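Before any comments, here is the structure.
For clarity, every value in this text was computed on a predicted model and none was experimentally measured.
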Amino acid sequence: MPPELPAGTDPAALEAVACTVARAAGRLVRDERPDDLGVTAKSTRTDVVTEMDQRSQELLLDRLAALRPDDAVLGEEEGGREGTSGVTWVVDPIDGTTNYLYGVPAYAVSVAAVVGDPTVPGHWSPVAGAVLDPERGELYHAHLGGGASLTTAAGTRALRPRPTTDLALALVGTGFGYAADVRRRQARLLVDLLPRVRDIRRHGSAALDLCAVASGRLDGYYETGLNPWDRAAGELVATEAGAVVGGPADEVPTRDLTWAAAPGLAVELSALVRELAARHVGSVGEPR
Ligand code: LIP
């Protein structure tokens, strides 16, 4: 059932705003990264935020305030804001912060417009979004019912998942949390999953992993412990491209399990990751 949109909401216009502000933040984090990058630990010593995460989120807040002054904003870093329009922007100013810190060119700016309350699991839906890979110059974008596209300097093309139907030939992405006890449980899930698929890729950005399923660079993806800002835009790009996205029980991703699959793999992959996540990981607790 498509979500109810506030009167006057135009998902295509929201997609254009998402693209505009994602591009501005992408230019900032790519071009203004200082050599002595400031970094601070959050929930654990390996869960970090850099000064560029903070500057990127400040820029996103400023641009969204100018373009969509009545909307709320929920960001990964401190400093979101309330709104009155019924639309909330859920933003990850740098998704893949560890890669960014190490100079690994695999991170993204993720910007999604959602309706509902993104702080209440299952009570919100993305209606437009953009995921920018600043290093590759790839902008993934979509709006509800509008399909999903990849825009680069060469132009714009529609996104389609791979036609894979055999799980044993599936290239599957995943990621891991920051807390040692959760990582131990996630590793146990991986031990049982790895022999069942072609191979695993751990790129370090959930947003890019979800877009990789949309574009066919992955056949599937799963992760436990994601926050709304990690996945809001990427899950819309994936579903609008024709992939199937879901969670522990149905097609609603949650913090305990988010998965995405090419349509021919969805039944088999979702059954496997649901069973293994329930057996090995369970609940991963509240967002940090
Ligand atoms: C990252 C996610 C990634 C996950 C990392 C981290 P961040 O988000 O995108 O999928 O495996 O542990 O949570 O923290 O870089 O914004």
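- Atoms CD and CZ, from E32 and R27 in turn, are 10.5 Å apart once rounded to the nearest 0.5 Å.
- Side chain of Q54 to main chain of V49: no donor-acceptor pair is present (N/O by atom type, distance under 3.5 Å, no hydrogens or angles).
- Between D70 atom CG and E82 atom CD the span is 13.0 Å, to the nearest 0.5 Å.
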- Message: Working note: V73 + L60, criterion side chain to side chain contact (heavy atoms under 4.5 Å, CB included); need CA distance, chi angles, decisive distance, verdict.
- Response: CA-CA 9 Å; V73 181; L60 290 168; over 6 Å; no
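- Judged by distance alone, with hydrogens and angles left aside, the side-chain atoms of R68 form no donor-acceptor pair with the main-chain N or O of T88 at under 3.5 Å.
- At distances below 3.5 Å, not a single donor-acceptor pair connects side-chain atoms of R63 with backbone N or O atoms of A25.
- The line from OG1 of T44 to CZ of R183 is 8.5 Å long, rounded to the nearest 0.5 Å.
- Side-chain N or O atoms of R255 include one that pairs as donor or acceptor with a backbone N or O of G225 at under 3.5 Å.
- Nearest heavy atom pair, residue V91 against residue W229, reads O-CB, 3.4 Å.
- Side chain of E138 to main chain of L132: no donor-acceptor pair is present (N/O by atom type, distance under 3.5 Å, no hydrogens or angles).
- Salt-bridge annotation for E78 and K42: absent, with no side-chain N of the basic residue lying under 4.0 Å from a carboxylate O of the acidic one.
- No more than 12 heavy atoms of other residues, nucleotides or ligands lie within 6.0 Å of CD in E4, so this atom counts as exposed by the packing criterion.
- Heavy atoms from other residues, nucleotides or ligands lying under 6.0 Å from CZ of R202 number more than 12.
- Other residues sharing the hydrophobic cluster of L194, ordered by chain and number and joined by side-chain separations under 4.5 Å: L167, V172, F176, V182, L189, L190, L193, V197, I200, Y222, V244, L257, W259, L265, L269, L272, V273, L276, V281, V284.
- Ion pairing between a basic and an acidic side chain is recognised when a charged N comes within 4.0 Å of a carboxylate O; R188 and D192 show no such pairing.
- With respect to S205, the side-chain contact (heavy atoms from CB on, under 4.5 Å) criterion is satisfied by exactly one of D95, D230, I94, T98: D95.
- For the pair D71 and L64, the minimum side-chain heavy-atom distance is 4.5 Å or more.
- Contact record, N99 with G204: ND2-CA, 3.8 Å, taken as the closest heavy-atom pair.
- A donor-acceptor pair under 3.5 Å is absent between the side-chain atoms of D62 and the main chain of L59, judged by distance alone.
- The OG1 atom of T224 lies 3.5 Å from the CD atom of Q186; values are rounded to the nearest 0.5 Å.
- Here the straight-line distance linking atom OG of S215 with atom CG of L210 works out to 11.0 Å at 0.5 Å rounding.
- The side-chain heavy atoms of D209 and L218, taken from C-beta on, include a pair separated by under 4.5 Å.
- Following chains of ILVMFWY side-chain contacts shorter than 4.5 Å, one can reach Y107 starting from Y102, so the two form part of one hydrophobic cluster.
- A heavy-atom distance below 4.5 Å is found between the side chains of P134 and V29.
- A salt bridge does not link R55 to E51: none of the charged nitrogens lies less than 4.0 Å from a carboxylate oxygen.
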- Given E135 and Y100, is the side chain to side chain contact (heavy atoms under 4.5 Å, CB included) satisfied, shown in steps? CA-CA 10 Å; E135 297 292 337; Y100 184 77; 5.8 Å; no
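- In this structure the side chain of L144 reaches within 4.5 angstrom of the side chain of P3, judged on heavy atoms.
- Within the 3.5 Å criterion, the main-chain N or O of S149 finds no donor-acceptor partner in the side chain of R157.
- Among V115, L236, L5, the single residue meeting the side-chain contact (heavy atoms from CB on, under 4.5 Å) criterion with P11 is L5.
- A salt bridge between E223 and R231 is absent, with no side-chain N of the basic residue lying under 4.0 Å from a carboxylate O of the acidic one.
- With hydrogens and angles ignored, the 3.5 Å screen pairs no side-chain donor or acceptor of R201 with any backbone N or O of G173.
- Closest of all the heavy-atom pairs between L61 and R81 is O-NH1, 3.4 Å.
- Note: L150 CG to L139 CG = 8.0 Å, rounded to the nearest 0.5 Å.
- The hydrophobic clustering, which links ILVMFWY residues whose side-chain heavy atoms are closer than 4.5 Å, places V109 and L101 together.
- Nearest heavy atoms, A233 versus G129: CB-CA, 4.2 Å.
- Between the side chain of D219 and the backbone N or O of A262, no donor-acceptor pair lies under 3.5 Å.
- Side-chain atoms of R185 come within 3.5 Å of backbone N or O of S283 as a donor-acceptor pair.
- Residues M52 and P34 are in side-chain contact: their nearest non-hydrogen atoms beyond the backbone lie under 4.5 Å apart.
- V111 has its side chain within reach of W89: a pair of non-hydrogen atoms, C-beta onward, lies under 4.5 Å apart.
- The shortest non-hydrogen separation linking G234 to C211 is CA-SG, 4.4 Å.
- Put simply, L208 and V237 are part of the same group of oily side chains (I, L, V, M, F, W, Y) that touch within less than 4.5 Å, one to the next.
- Counting heavy atoms from C-beta on, the side chains of Y178 and V48 never come closer than 4.5 Å.
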- Item | CA sep, side-chain torsions, deciding dist, call: T97, D53, side-chain hydrogen bond (donor to acceptor under 3.5 Å, both in side chains) | CA-CA 8 Å; T97 296; D53 291 82; 2.7 Å; yes
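- A41 and R45 make their closest contact through CB-CA, 4.1 Å (heavy atoms, listed as atom of the first residue, atom of the second, distance).
- Cluster annotation: W124 and V245 are assigned to distinct hydrophobic clusters (Ile/Leu/Val/Met/Phe/Trp/Tyr, side-chain heavy-atom contacts under 4.5 Å, transitive).
- Between Y140 and L159 the shortest side-chain heavy-atom distance falls below 4.5 Å.
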